[in-house]
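What follows is a short report on a single structure.
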Amino acid sequence: MKLFLISAFFGLAAAAGFNNQYPEQSNRPQAAYERNARILALDADVKEDSFRYNYETENGIKAEEQGHEADGIEAQGGFQYTGDDGQVYSISYAAGQGGFQPQGAHIPTAPPTPEAILKALEQNARDEAAGIIDDGQYNPGKYGDAPAAGGFQQNQYRAQASAGFRQNYNKY
């Protein structure tokens with residue numbers, strides 16, 4: 001973990017040194033201000049089984065995170081920044097076994113699940129609890145249209161399809 005954090009800090013420092021070699025590539029309003037922003041505060045504590053850090057830059061970026069080892073890494077934290085529209089955006093998050101779970105007022109949320117889908121999911125759960133499993137395969141007996149002996153029904157549909165439903169499009 002220490003190696004990871006140290007590598008990340010050196011990587012950021014190295015990347016910052018290369019910024020001046022390239023011409024202006026961004027026309028974003030905040031870009032010029034962000035390019036030369038200084039770190040105002042930095043605090044980090046890395047231990048064998050846990051870590052925490054927080055920092056603040058002069059362009060309004062703030063971040064903090066703390067975590068510990070628990071069958072992987074469990075962490076929680078947050079960050080904020082000023083967008084190109086001048087608004088301050090804030091994210092808080094938890095990360096671990098359940099994945100990365102961000103929360104913020106500007107993050108879009110999924111629309112509510114339609115009532116018909118909720119009913120279908122409930123029915124599926126009841127069926128599964130009763131031992132009824134639908135494997136997705138068509139089963140004619142399940143729908144009350146099982147073919148008679150010898151496949152008569154299937155042959156009947158073929159006869160109907162070929163008897164008078166075709167039109168001759170060749171007029172010459």
Side-chain angles (χ1 to χ4, degrees), residues 1-139 142:
M1 189 59 149
K2 290 178 187 178
L3 180 62
F4 173 73
L5 287 175
I6 292 170
S7 297
F9 284 122
F10 279 121
L12 288 173
F18 289 113
N19 275 346
N20 297 334
Q21 294 179 1
Y22 297 102
E24 176 68 30
Q25 294 182 10
S26 177
N27 294 328
R28 293 178 37 244
Q30 293 287 108
Y33 192 50
E34 290 172 349
R35 186 175 301 101
N36 299 316
R38 292 179 302 159
I39 296 174
L40 299 176
L42 172 63
D43 183 33
D45 184 23
V46 179
K47 297 180 180 171
E48 183 79 20
D49 60 350
S50 66
F51 69 94
R52 70 170 181 75
Y53 70 84
N54 62 58
Y55 64 86
E56 180 178 355
T57 63
E58 70 179 352
N59 62 346
I61 296 174
K62 296 179 184 177
E64 64 178 319
E65 182 174 292
Q66 56 197 13
H68 62 277
E69 186 176 346
D71 195 25
I73 299 292
E74 298 283 333
Q76 55 277 341
F79 58 90
Q80 75 177 29
Y81 62 94
T82 303
D84 290 335
D85 57 2
Q87 274 191 279
V88 175
Y89 294 92
S90 295
I91 300 284
S92 61
Y93 60 87
Q97 292 275 333
F100 181 72
Q101 301 168 358
Q103 295 179 340
H106 66 286
I107 296 177
T109 57
T113 305
E115 189 65 31
I117 299 297
L118 292 174
K119 286 180 182 178
L121 291 172
E122 290 170 1
Q123 182 63 46
N124 289 348
R126 285 193 298 272
D127 287 351
E128 190 172 322
I132 301 170
I133 305 297
D134 186 356
D135 63 357
Q137 299 293 319
Y138 176 70
N139 180 355
K142 183 176 178 180

Test item: Gln97 side-chain N/O and Asp71 main-chain N/O as donor-acceptor pair under 3.5 Å: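 Yes, the answer is positive, given that a donor and an acceptor are paired below the 3.5 Å cut-off.
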With side chain to side chain contact (heavy atoms under 4.5 Å, CB included) as the criterion, how do Tyr81 and Asn59 come out once you've worked through the C-alpha distance, each side chain's angles and the decisive distance to 0.1 Å? CA-CA 8 Å; Tyr81 62 94; Asn59 62 346; over 6 Å; no
Pair Asp127-Gln123, side-chain donor/acceptor within less than 3.5 Å: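 Gln123 and Asp127 do have a side-chain donor-acceptor pair below 3.5 Å.
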For the atom pair [atom1] ([X]) and [atom2] ([Y]), what is the distance rounded to the nearest 0.5 Å?
{"X": "Ser92", "Y": "Gln80", "atom1": "OG", "atom2": "CD", "value": "11.5 Å"}
{"X": "Ile61", "Y": "Leu40", "atom1": "CD1", "atom2": "CG", "value": "11.0 Å"}
{"X": "Glu56", "Y": "Ile39", "atom1": "CD", "atom2": "CD1", "value": "11.0 Å"}

Any residue meeting ring pair (Phe, Tyr, Trp, His ring centres under 6.0 Å) with Phe79, in chain and number order, not counting sequence neighbours: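 Per chain and number, Phe79 pairs via ring pair (Phe, Tyr, Trp, His ring centres under 6.0 Å) with no residue.
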Which pairs with one or both residues in residues 105-122 pass side-chain hydrogen bond (donor to acceptor under 3.5 Å, both in side chains), sequence neighbours excluded?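 Listed by first then second residue: nothing to list.
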So for atom CD, which belongs to Gln103, do other residues, nucleotides or ligands contribute more than 12 heavy atoms lying within a distance under 6.0 Å?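 No, not enclosed.
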Residues in salt bridge (Lys or Arg N to Asp or Glu O under 4.0 Å) with Arg38, at least two apart?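 Checked Arg38 against salt bridge (Lys or Arg N to Asp or Glu O under 4.0 Å); matches are Glu58.
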For Asp43, give me all partners under salt bridge (Lys or Arg N to Asp or Glu O under 4.0 Å), at least two apart in sequence or on another chain.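 So Asp43 forms a salt bridge (Lys or Arg N to Asp or Glu O under 4.0 Å) with Arg52.
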Taking the side chain as everything from C-beta on, heavy atoms only, tell me whether Tyr53 gets closer than 4.5 Å to Val46.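 Counting from C-beta outward, Tyr53 and Val46 never come under 4.5 Å.
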Partners of [X] by side-chain hydrogen bond (donor to acceptor under 3.5 Å, both in side chains), sequence neighbours excluded?
{"X": "Tyr89", "result": "Asp85, Gln87"}
{"X": "Glu65", "result": "Tyr93"}
{"X": "Gln137", "result": "none"}
{"X": "Asp49", "result": "none"}

Check side-chain contact (heavy atoms from CB on, under 4.5 Å) between Gln76 and all other residues, then give those that pass, not counting sequence neighbours.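 So Gln76 forms a side-chain contact (heavy atoms from CB on, under 4.5 Å) with Gln66.
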Could you tell me which residues satisfy side-chain contact (heavy atoms from CB on, under 4.5 Å) with Thr82, sequence neighbours excluded, listed by chain and number?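 For Thr82 the side-chain contact (heavy atoms from CB on, under 4.5 Å) partners, ignoring immediate neighbours, are Gln30, Val88.
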